[in-house]
Amino acid sequence: MAAVDGGEVDHLAGERATAHFDVDAMKVAWAGSRHAVEVNDRMARLVASDPVFRKDTRTMLSRKELFKDTLKKAAHAWKRIVELRLTEEEANLLRLYVDQPGYVDLHWGMFVPAIKGQGTEEQQKKWVPMAYKFQIIGCYAQTELGHGSNVQGLETTATFDPNTDEFVVHSPTLTSSKWWPGGLGKASTHAVVYARLITQGKDYGIHGFIVQLRSLDDHSPLPGITLGDIGGKFGSGAYNSMDNGVLRFDHVRIPRDQMLMRLSQVTREGKYVHSDVPKQLLYGTMVYVRQTIVADASKALSRAVCIAVRYSAIRKQFGSQAGGPETQVLNYKTQQSRLFPLLASAYAYRFVGEWLKWLYTDVMQKLEAKDYSTLPEAHACTAGLKSVTTSATADAIEECRKLCGGHGYLNSSGLPELFAVYVPACTYEGDNVVLLLQVARFLMKTVSQLASGKQPVGTTAYMGNIQYLMQCKSAVNTAGDWLNPAAIKEVFEARALRMAVNCAQNISKAPSQEEGFSELSPDLLESAVAHVQLIIVTKFFEKLQQDIIGHGVKEQLQNLCNIYALFLLHKHLGDFLSTGCITPKQGALANEQLGRLYAQVRPNAVALVDAFDYTDHYLSSVLGRYDGDVYPALYAEAWKDPLNETVIPDGYQEHLRPLLKQQLKFSRL
Ligand SMILES: CCCCCCCCCCCCCCCC(=O)SCCNC(=O)CCNC(=O)[C@H](O)C(C)(C)COP(=O)(O)OP(=O)(O)OC[C@H]1O[C@@H](n2cnc3c(N)ncnc32)[C@H](O)[C@@H]1OP(=O)(O)O
Ligand SMILES: Cc1cc2nc3c(=O)[nH]c(=O)nc-3n(C[C@H](O)[C@H](O)[C@H](O)COP(=O)(O)OP(=O)(O)OC[C@H]3O[C@@H](n4cnc5c(N)ncnc54)[C@H](O)[C@@H]3O)c2cc1C
């Protein structure tokens, strides 16, 4: 550890030398394949080397300047994508590394998927090519001023007029104004609008419609349409690059064929026809996006952790007795116990995100073959994982800020902006509490079906083992026993099942199922979290069963997996004890084992964040620099602040000088 205790600006080189594994092989494990490493690296460097994509002064821009800068970057990114003939995979990565939220996120992330998922083949043929060439820009206009979570409560209407073969889209109340859609405020020309379909005097509930909002000639709003931006949001810079918008319709007419008609249709005569697919497919775009948000969670978390680990290896405080070297803060056990579980979580979310992508693809293939049986599980998994990973990531970014002490609070650390950009992920695409209640509903249904002998499958298959899991007792005897995956899995399964069964039993005592569910909802949330954490732990173990190549890589991942699981066990000890899954002694042994695991991670910590393979441009943090040369960078960054453009500040003559020169004295002085 001599190099670790160095003190030179190349300190991180010493840290890298202590790693016990092949970092390049870990990059492959993290990215998913050698090809993924290569293409990520190429796109990240392409962005980093292009001056248009600079973002070091972003937090100093006014809202208007920031928005214009976002338009410039989006247009430039598109130009590069076309010039270089990038593939879809490369283009997506290029946009990711540009790292500035903007209308393109919603255009590619929701507008195009909504048309692909809910439009007929004919509609896709008409609209998708225009969207792919950016001849139109689209957004996803679902949420209204009065309702976001309760989608069935939306008020915008689309009333069919058989005389003209058109729908009349209208906002009947103030609360029916569309409110929040990203890209709507200033950029979009079109939207997929969710509205109540009314035909032949009957309200058929929410359906999607493609509506043109702005002229393709001069970008002015079309007749009957009022729209704009909803105003500044949390944090400087950050998500303010996005034009979240407001939109009202005053009897706007659209052709009948702009209703997205894959799931249900309205005929020329105005007859409503629903095909034999489940109604829930209307929510398909949300399932798709939630799945991508889980992958984003590992990105955001790994960024924050990379910054905090590198800086903690550079930062020194205390410990210099008799003039000796001070201690790197990364060597403090408290720093390790706060930071290493977050490092482990970043890997855990990466792998569960990979699995969720697979699940989503599998479900889509089944849907194509008209097999809808896995849809409820896809909904529960995407909703639950979106909720758990985004909540934990938002908390973790803030924890990383604190782990960086005072300097973490500077914009130049990159952490305040990352937090401000990331934290709405707990709300958008489904409030995290509302989504966990969906998971709980799925769990209660699964538990109630156990009595009828129906064998649960997929991520609830463990519930089929109810006889054993309701009464088993953990056999852990020593701290080392907690390294056995079977021991960990058993207690996580028992905890999740017992919590779900407890809830189901308590609900059954209520006057009605609905009342019981409402009364028990705080417990149901915890039960849902336990189930989702089990999924994450299980998928990490399954990842370890795969062919993992490279010196020492598997061992590091095993340590991280154990840290992730035992950290959760420690954090939720109350659950494990109150359900009788473990004894207090076993809980203490888990904590003891955690401490040992942290010690094993310590010499590998910097290399483990290097394996994320982030450029300094993407990290945009003086604290997280690859070379660890933090102090000169911090110092230089301060002088870039507009406040330092002049030695004497604006306002001195009007407000400071008169104050300092004042003749008036308080009478009592
Ligand atoms: C470093 C990186 C940083 C990155 C950082 C920058 C990124 C930059 C890009 C950001 C991009 C942001 C983009 C935000 C974009 C929006 O936020 S778009 C708006 C999203 N809105 C929502 O998510 C609303 C949330 N609400 C809902 O999803 C639903 O309405 C609810 C809560 C599920 C309730 O649905 P409901 O139909 O009223 O009620 P419910 O009776 O509960 O459900 C009926 C049945 O449908 C089922 N069901 C419900 N939902 C579904 C579903 N989705 N699928 C299948 N079945 C379902 C239920 O399970 C139930 O089934 P059964 O039990 O009857 O069998
Ligand atoms: C940055 C950002 C971008 C967005 N982008 C888009 C977009 O592009 N398109 C779009 O259509 N929308 C967008 N949205 C809207 C977003 O999807 C909604 O804000 C989100 O779904 C939450 O709905 P809400 O605002 O109605 O919250 P509410 O439901 O009003 O939540 C308020 C509180 O009530 C609680 N609550 C609500 N219902 C229940 C319940 N049944 N049980 C218990 N507690 C409950 C919630 O937990 C929360 O604490 C965006 C939002 C943000 C913040």
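Both ligands and their constituent atoms are indexed starting at 1 by order of listing. Computed from a predicted model, the values in this text were never measured in an experiment.
Aromatic ring orientation, Phe612 versus Trp30: tilted (interplanar angle from 30° to 60°).
Contact residues for ligand 1 (protein heavy atom closer than 4.0 angstrom to any ligand atom): Asp105, Leu106, Met110, Tyr140, Gln142, Thr143, Gly148, Ser149, Val151, Gln152, Tyr239, Gln280, Tyr283, Met286, Val287, Arg290, Ala300, Arg303, His379, Tyr428, Glu429, Gly430, Val434, Gln438, Arg441, Lys445, Tyr618.
Between Asp431 and the options Ser387, Ser149, Cys426, a side-chain contact (heavy atoms from CB on, under 4.5 Å) holds for only Ser149. No option in Lys55, Lys299, Lys73 other than Lys55 meets the salt bridge (charged side-chain N to carboxylate O under 4.0 Å, His left out) test with Asp99.
Between His207 and Phe167, the gap from one ring centroid to the other reaches at least 6.0 Å. Under the 6.0 Å cut-off for aromatic ring centres, His617 and Tyr97 do not qualify, their centroids lying 6.0 Å or more apart.
The environment of Lys233 atom NZ is dense: over 12 non-hydrogen atoms of other residues, nucleotides or ligands sit within 6.0 angstrom.
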Is there any protein N/O under 3.5 Å from an N/O of ligand 2, and what does the full list of such pairs look like?
from, atom 1, to, atom 2, distance (Å)
ligand 2, 8 (O), Gly182, N, 3.0
ligand 2, 9 (N), Tyr140, O, 2.9
ligand 2, 11 (O), Tyr140, O, 3.4
ligand 2, 11 (O), Gln142, N, 3.0
ligand 2, 11 (O), Thr143, N, 2.8
ligand 2, 11 (O), Thr143, OG1, 3.1
ligand 2, 12 (N), Thr143, OG1, 2.7
ligand 2, 23 (O), Ser149, N, 3.3
ligand 2, 23 (O), Ser149, OG, 3.4
ligand 2, 26 (O), Gly148, N, 3.0
ligand 2, 26 (O), Ser149, N, 3.3
ligand 2, 29 (O), Ser149, OG, 2.5
ligand 2, 47 (O), Asp431, OD1, 3.4
ligand 2, 47 (O), Asp431, OD2, 2.6

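The closest donor-acceptor contact from the side chain of Lys386 to the backbone of Gly430 lies under 3.5 Å.
Atom OH in Tyr204 sits 12.0 Å away from atom NE2 in His274 (nearest 0.5 Å). Rounded to the nearest 0.5 angstrom, Tyr140 OH and Leu106 CG are separated by 10.5 Å.
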